[in-house]
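Each chain gets a letter, A, B and so on, in the order its sequence line appears, and its residues count up from 1. From a predicted model like this one, the values you see are computed outputs, not experimental measurements. Atoms considered below: every heavy atom in the structure, side chains included; atoms not considered: hydrogens, waters and symmetry mates.
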Amino acid sequence: MIIEVRDDFDLKKIQISGQCFRVKEAGSGIFMFITGEHVVFIKELGDKKFEVSCSEKEWEEIWTAYFDLDRSYEDICRKEYGKHDFTDKAIDFGRGLRILRQDKWEMLVSFIISQRKSIPAISSAVEALCRKFGSEIDVTDVHFEEDGEWSTDEACKDPIYSFPTPEQMAGATLDDFKECGLGYRAPYVYDAIRKVLSGELDLEEICRLDDEALFEKLMTVHGVGIKVSNCVCLFAYSRMGRAPIDVWIKRAIDEEYGGVDPFPEYGENAGIIQQYIFYYEKNGAKQLLK
DNA sequence: CACCAGGTATACG
DNA sequence: CGTATACATGGT
């Protein structure tokens, strides 16, 4: 199916934005996304047009929300433009980024794992969990309309696994988690599993909490601190006012904003602005000098 | 082969 | 309450 996306939408930038750890480029300009038991391949056709491998129904029910397509990032950038020179540069550089609305459990576990790990290391740990505990996703129905020069078969030669549910991870041993490279974070993940399975933490129910209460509730999990909780708020619960501050953002604040946290000024869009700044710090001009 | 990675819990003062 | 420190592994 061919779709048109009027708003900013750059799949490559989203892939390397550090908010998602399982997105793959399957051939040039073709990206694979996974959420729950769903997989989609998206081919960039240019001129704001994309070919997607799913049905119109699935696109509307699953992927529109996933890609946050009902929000205008163009409008938000225009609104926030002009407050800080460095932010403006970051917006220019990162145009096309979006904040994905990803699976809550997957984000919680992924960002628990993320602490003191490089992004490639996070990706391989998450992938290892999926291989070991996830279920294989049936991709026989996944295809593009014209099966011409490129077929999804070649990207699907390796089986694709869903991110494991708490139930699927419940039986894991410490050795299992070690094999997945979780290291000292394994007990943290156990605590998250225990709290969710016992009902002490209901990841769907807490949607109704306001930002601050949600943030606090997520921090009751062992291994979830301020930064990880904010990442889950932003990347799973679409709380765009939350701006996670990690080493990259801290460096930007120190070097580019005179040590003054600029995010309060961006209010309900702070998290979105944070994403442009993170992306610019990590992939922008500074990095090219190295 | 060192070095560091989208931090946090814990132990101090 | 604010600050120093240990922490398991993998990627570069």
- Starting at the 5' end of DNA chain B, which residue's closest nucleotide do you reach first, A/R251 or A/V221?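 That would be A/R251.
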- Item | Closest-nucleotide ordering on DNA chain B, the 5'-leading residue of A/G223 and A/I119 |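 Its nucleotide being nearer the 5' end, the pick is A/I119.
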Query raised in the report: For atom P, what is the distance between B/dA11 and C/dA8, given to the nearest Å?
Result: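 14 Å, rounded to whole Å.
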query = Rest of the hydrophobic cluster containing A/L100 (Ile/Leu/Val/Met/Phe/Trp/Tyr, side-chain heavy atoms under 4.5 Å)?
reply =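 Members alongside A/L100: A/M1, A/I3, A/V5, A/F9, A/L11, A/I14, A/V23, A/F31, A/F33, A/V40, A/I42, A/F50, A/V52, A/W59, A/I62, A/W63, A/Y66, A/F67, A/L69.
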Quiz prompt | Listed once per pair and sorted, the salt bridge (Lys or Arg N to Asp or Glu O under 4.0 Å) pairs that draw on residues 161-173 of chain A, sequence neighbours left out | solution =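 Listed by first then second residue: nothing to list.
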TODO: Among residues two or more places apart or on two chains, list those pairs meeting salt bridge (Lys or Arg N to Asp or Glu O under 4.0 Å) that have a residue in residues 12-22 of chain A.
DONE: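 Sorted result for residues 12-22 of chain A: A/K12-A/E25, A/R22-A/E127.
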For [X], what residues pass the ring-ring contact (aromatic ring centres under 6.0 Å, His included) criterion, not counting sequence neighbours?
| X | result |
| --- | --- |
| A/Y280 | A/F86, A/F93 |
| A/Y161 | none |
| A/Y237 | none |

>> Which residues in residues 8-23 of chain A have a heavy atom closer than 4.0 Å to any atom of DNA chain B?
In response: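 DNA chain B contact set from residues 8-23 of chain A: A/S17, A/G18, A/Q19.
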A/S162: what forms a side-chain contact (heavy atoms from CB on, under 4.5 Å) with it, not counting sequence neighbours?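 Residues passing side-chain contact (heavy atoms from CB on, under 4.5 Å) with A/S162: A/E37, A/S135, A/I137.
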Whole angstrom value for the distance that separates [atom2] of [N] from [atom1] of [X]:
| X | N | atom1 | atom2 | result |
| --- | --- | --- | --- | --- |
| A/W248 | B/dA5 | CH2 | C1' | 10 Å |
| A/I122 | B/dC4 | CD1 | P | 18 Å |
| A/K227 | B/dT8 | NZ | P | 7 Å |
| A/Q287 | B/dA5 | CD | C1' | 13 Å |
| A/F215 | B/dG7 | CZ | C1' | 13 Å |
| A/N230 | B/dT8 | CG | C1' | 14 Å |

Tell me if a side-chain donor or acceptor on A/T35 pairs with a main-chain N or O of A/H38 at a distance below 3.5 Å.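 Here the side-chain-to-backbone pair does not exist.
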- Are any of the side-chain heavy atoms of A/F163 and A/M107 separated by less than 4.5 Å?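 Contact flag for A/F163/A/M107 side chains = no.
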If you define the side chain from C-beta out and look only at heavy atoms, does anything of A/L129 sit under 4.5 Å from A/M169?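 With C-beta onward as the side chain, the pair touches.
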Measure all distances between protein nitrogen or oxygen atoms and nitrogen or oxygen atoms of nucleotides 8-12 of chain C, and list the pairs falling under 3.5 Å.
| residue | atom | partner | partner atom | Å |
| --- | --- | --- | --- | --- |
| C/dA8 | O4' | A/Y184 | N | 3.2 |
| C/dA8 | N1 | A/R185 | NH2 | 3.2 |
| C/dG11 | OP1 | A/S124 | OG | 3.1 |

Do [Y] and [X] meet the salt-bridge criterion of a basic N to acidic O distance under 4.0 Å?
| X | Y | result |
| --- | --- | --- |
| A/D75 | A/K79 | no |
| A/E256 | A/K89 | no |
| A/K178 | A/D175 | no |

What pairs of nitrogen or oxygen atoms, one from the protein and one from nucleotides 2-4 of chain C, lie under 3.5 Å apart?
none

Distances under 3.5 Å between protein N/O atoms and the N/O atoms of nucleotides 10-13 of chain B, please, pair by pair.
none

Q. How would you label the contact of A/Q275 with the nucleic acid (heavy atoms, under 4.0 Å): base, sugar-phosphate, or nothing?
A.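 Base contact.
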request  = Have a look at A/I249 and say if it touches a base, only the backbone sugar-phosphate, or nothing, with a 4.0 Å heavy-atom cut-off.
outcome  =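 Base: the residue A/I249, judged by heavy atoms under 4.0 Å, touches a nucleobase.
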| field | Results of salt bridge (charged side-chain N to carboxylate O under 4.0 Å, His left out) for A/R98 - residues two or more places apart only | value |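 Scan of A/R98 (salt bridge (charged side-chain N to carboxylate O under 4.0 Å, His left out), adjacent residues dropped) gives A/D7.
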